Structures are given as C-alpha cells and as structure tokens.
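Worksheet: the structure to be examined is printed underneath.
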Amino acid sequence: MTGGETRAAPDRTGKTPILEAHGLVKRYGHVTAIDGADFELYPGEILAVIGDNGAGKSSLIKALSGAVIPDEGEIRLDGQRVNFKSPLEARQAGIETVYQDLAVAPAMDIATNLFLGREQRRAGPLGSVLRMVDHKAMRREADRQMKSLQIGIRSMSQAVETLSGGQRQGVAVARAAAWARKLVIMDEPTAALGVRESGQVLELIKRVRDNGLPVILISHNMPHVFELADRIHVARLGKRAAVLNPKTISMSDTVAVMTGAMAPESIPPECLA
C-alpha cells in the first residue's frame, strides 16, 4: 500500500451507505482540489470530516452538497447515482446544509426563517390565488420542530436578531432537520460560539442524529470531533487518507494522520473504522 491510498476497516460490508462517492476529482486550472477522493456516510451516524487547510475537505463537501460539480467520479445517494448541478438539487434530494454563516434572515422571526423559501400558503383561494402565507400554521410547525430538538425558545414570532449565537445556530439546525429527508451537513457549527453555547449545539447535533438523520460534521475543533463523531474521515492532499475510530485512536495520532506525520499504513488496524 502506498501513502496516498485510503485505509478503512472492512467491517461495514453489511451496511449500505446512504451517501457515497468514488474517485471524485475537481480541478481549478492547474490546481487539483479533489484528487480521486472516496467517501461513505452510513445511516444513523455522525461522520466528522477533518483536514488541514488545502486538504480538499471543503471542495469534497461542496461536491456532495451540489455547490461544486466534480470533473470525474460518481456520487450515489441511497445507492442511486446522482449528478447535482446546484445546492437546490441536493436540497430537493433531501440533503440540507448548515453553513458557517448560518444564512438566516436576522430581521425575520423564527418561524419565517424555518420556512424561508418554503412558505406555507393558506387553504383555498386565499393561498392558491392571493398567495397569502399561513403564519399560524408555520408558527405551530416551527414550535413543534424546535421542541422536538429541545431548543428552548418560547416564541416563534421572536426576531432572530434578538437571539444569542447558540440560539441562532439552533434555528439554522432546526431548519435543516425540518426539511432534510436523507442527511444534514454541518460546517463548523461551533466556530463562533463560547463554551456554554458550544455545548448546547453539540447536544443539538446528537439529537438530530438520534432523531434519525445522519450528520456530516466539518470541524477543526478536535475535542468536539471526539465528543460527537462515530467515525472520522481524514482528508489529505485531495484524497481520503483514512477513516478512523475515535474510540480507539488518540487525538494526537489523529492529528498526526491529518498532518502527514503518521503514514496511513502505520495506523493500527484497531484504529480504523
């Protein structure tokens, strides 16, 4: 085995990935951002994706969420090949992404943010002809969704700009969980939060997983990765260097794999996932 090859434990043959990619390549002129990367996300798991700057993890996630079109390779969702041309197509297929900048409308209320671009219309001609929005129904559903994730906000008519950073993150996560049918991608969800609010968001991510949605977590925060992840996908030089088991590998060895200080063939078999 060469240093550029992927190492992953062959113990998941009985499971079918909900999302997978094989041999993805993305070039920008003379720069190769993704260089034959593979990827698997299984049902019911939180998969952390880590890597140094320039490792290709952002380009990989953009390819999986429709923001980037790969030059080569294939992506499969529930075993069926997909060719997303935009994030909208990925959303229509059931993949929701929570971006680092949250993409919320601060001046609008919580319910409106949860239904942004997907507003519910009132019944009958008021909705079909006059296109009137059913604010009461949206607030009821928003309240149900927030309670299902145990997000403690009393009023769905509260403007998002009045919320704390952790609460805003909760709104963005709740929106993704409400509309995702297949999986949720979370990009650095605790990057701008303090210790207390980060802890609340970590618990929220676990509840999304426990409610049946697998989660792809992109993070530089290694303690958070080890607290949340069922498996760790390590990106390096545009490829997948390894898939690690956070229960059996140390944080320092994980960083060593990520930086290239530990070659993939040197990883003990029990540390692979």
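None of the values given here were measured: they were computed from a predicted structure.
The main-chain N or O of S86 is never found under 3.5 Å from a side-chain atom of R91 such that the two would form a donor-acceptor pair. Using a distance-only test at 3.5 Å, with no hydrogens or angles considered, a donor-acceptor pair links the side chain of D109 to the main chain of A111. In terms of modelled atom types and a separation under 3.5 Å, the side chain of K182 and the main chain of A93 share no donor-acceptor contact. In this structure, the side chain of T248 engages the main chain of E270 through a donor-acceptor pair within 3.5 Å. Between the side chain of T112 and the main chain of M108, no donor-acceptor pair closer than 3.5 Å is present. E197 contributes a side-chain N or O that, together with a main-chain N or O of G166, makes up a donor-acceptor pair within less than 3.5 Å.
No more than 12 heavy atoms of other residues, nucleotides or ligands shown are found within 6.0 angstrom of NZ on K136. Within a 6.0 Å sphere centred on CE of M262, other residues, nucleotides and ligands contribute more than 12 heavy atoms. For NZ of K62, the number of neighbouring non-hydrogen atoms (other residues, nucleotides, ligands) closer than 6.0 Å is 12 at most.
Classification of R209 and E45 as a salt-bridged pair fails, no side-chain N sitting under 4.0 Å from a carboxylate O.
Minimum interatomic distance between R175 and N113 (heavy atoms only, all atoms of both residues): CD-O, 3.1 Å. Contact record, V171 with M146: CG2-CE, 4.0 Å, taken as the closest heavy-atom pair. V215 approaches L41 most closely through the heavy-atom pair O-CD1, 3.9 Å. Of all non-hydrogen atoms in R131 and R121, the two that sit nearest each other are O-NH1, 2.8 Å. The two residues L204 and G170 have their closest heavy-atom pair at CD2-CA, 3.6 Å. Across all their heavy atoms, L149 and A174 have their closest contact at CD1-CA, 3.7 Å.
Looking at R139, K147, R140 one by one, the single match for side-chain hydrogen bond (donor to acceptor under 3.5 Å, both in side chains) with D143 turns out to be K147.
No continuous path of hydrophobic side-chain contacts links I18 to V208 [ILVMFWY only; heavy atoms under 4.5 Å]. Using a 4.5 Å cut-off between side-chain heavy atoms of Ile, Leu, Val, Met, Phe, Trp and Tyr, with links allowed through other members, I151 and L228 fall into the same hydrophobic cluster. Taking hydrophobic clusters as Ile, Leu, Val, Met, Phe, Trp and Tyr residues chained together by side-chain heavy-atom distances below 4.5 Å, I50 does not share a cluster with L60. Transitive grouping of hydrophobic side chains (ILVMFWY, heavy atoms separated by less than 4.5 Å) brings I95 and I34 into a common cluster.
Between the side chains of D35 and T32, not a single donor N or O lies within less than 3.5 Å of an accepting N or O. A side-chain donor-acceptor contact under 3.5 Å links T190 and H224.
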>> Is there a side chain to side chain contact (heavy atoms under 4.5 Å, CB included) between L77 and L183? Walk through the geometry before answering.
In response: CA-CA 10 Å; L77 183 64; L183 61 108; 4.2 Å; yes
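Between F115 and W179, the ring planes are perpendicular. Angles over 60° get that label, and only those under 30° would be called parallel.
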